[in-house]
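Okay, structure first, notes after.
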Amino acid sequence: MKAEELRIGNYVKIDEGIGKVAFIMDKNFCNEYANDDYNITVEMGDGIFREEEEDKVEGIPLTEEILLNCGFEYINPDNKSCGMLSPDDGKGNKQRIMYFDTNFRMILNTWNYRPINYIHEVQNLYFAITNKELNIQL
């Protein structure tokens with residue numbers, strides 16, 4: 001995984017398990033003899049910080065269960081497409097913030113899809129759209 005895909009707070013997987021990105025440092029701030037371009041510090045669930053080279057950090061595959069646990073809901077229960085809706089505006093209206101088909105493709109328009117494979121991609125898209133962090137429930 002490339003460090004440029006990540007933001008602080010993104011969930012990722014390393015050998016020790018799943019954690020949150022705490023720091024991203026390029027090699028100018030790391031050991032001058034490091035072979036990697038970036039070191040990524042991951043905060044594990046037990047509060048321990050692990051520093052990893054970027055090629056040892058992996059995305060967490062997106063699943064329907066994860067989307068539902070993060071507040072997405074079925075927009076079309078027949079084909080199990082999921083979406084994130086805005087809060088009710090008081091008049092019973094909600095707007096789609098994000099929408100995924102059953103293959104986790106974000107629908108951009110009638111002809112274009114953007115495959116979404118990992119949790120950090122959903123986190124980054126949600127932040128770009130709402131300027132808020134997505135509440136991740138793993």
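Being a predicted model, the structure only gives us computed values, none of them experimental.
Between V122 and L62 there is a side-chain heavy-atom pair separated by less than 4.5 Å. Within the 4.5 Å cutoff, the side chain of Q137 has no heavy atoms near those of the E65 side chain.
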Show the numbers, then the answer: is there a side chain to side chain contact (heavy atoms under 4.5 Å, CB included) between R7 and F127?
CA-CA 10 Å; R7 292 178 46 252; F127 184 81; 3.5 Å; yes

Exercise. Please test I119 against L138 for side chain to side chain contact (heavy atoms under 4.5 Å, CB included), starting from the C-alpha separation and ending with a verdict.
Key: CA-CA 10 Å; I119 293 172; L138 299 176; 3.4 Å; yes

Discussion item. Walk me through whether M1 and H120 qualify under side chain to side chain contact (heavy atoms under 4.5 Å, CB included).
Written reply: CA-CA 11 Å; M1 166 177 290; H120 73 275; 3.1 Å; yes

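For the pair E54 (side chain) and A3 (backbone), a donor-acceptor distance under 3.5 Å is present. Listed for the Q123 side chain is a donor-acceptor partner under 3.5 Å among the backbone atoms of Y11. With hydrogens and angles disregarded, a donor-acceptor distance shorter than 3.5 Å links the side chain of N124 to the backbone of E5.
Atom CD of E53 is separated from atom CG of N39 by 6.0 Å, given to the nearest 0.5 angstrom. Atoms CD and CD1, from E58 and I18 in turn, are 10.5 Å apart once rounded to the nearest 0.5 Å. Interatomic distance, CZ of R50 versus CD1 of I14, reported as 7.0 Å (0.5 Å rounding). One distance of note links CZ of F49 with CE of M44; it measures 11.0 Å at 0.5 Å rounding. Rounding to the nearest 0.5 Å places CD1 of I8 at 9.5 Å from CD1 of I40.
Considering all non-hydrogen atoms of both residues, G9 and K20 come closest at O-CG, 3.7 Å. Here the shortest heavy-atom pairing between V21 and I24 reads CG1-CG1, 3.7 Å.
Cluster membership for L125 and Y118, using ILVMFWY side-chain heavy atoms within less than 4.5 angstrom, is not shared. Each of V57 and F23 belongs to its own hydrophobic cluster when Ile, Leu, Val, Met, Phe, Trp and Tyr are linked at side-chain heavy-atom distances under 4.5 angstrom.
Of the residues I66, L68, L67, the one that meets the side chain to side chain contact (heavy atoms under 4.5 Å, CB included) test with E64 is L68.
Taking a cutoff of 4.0 Å between a charged side-chain nitrogen and a carboxylate oxygen, E52 and K13 do not qualify as a salt bridge.
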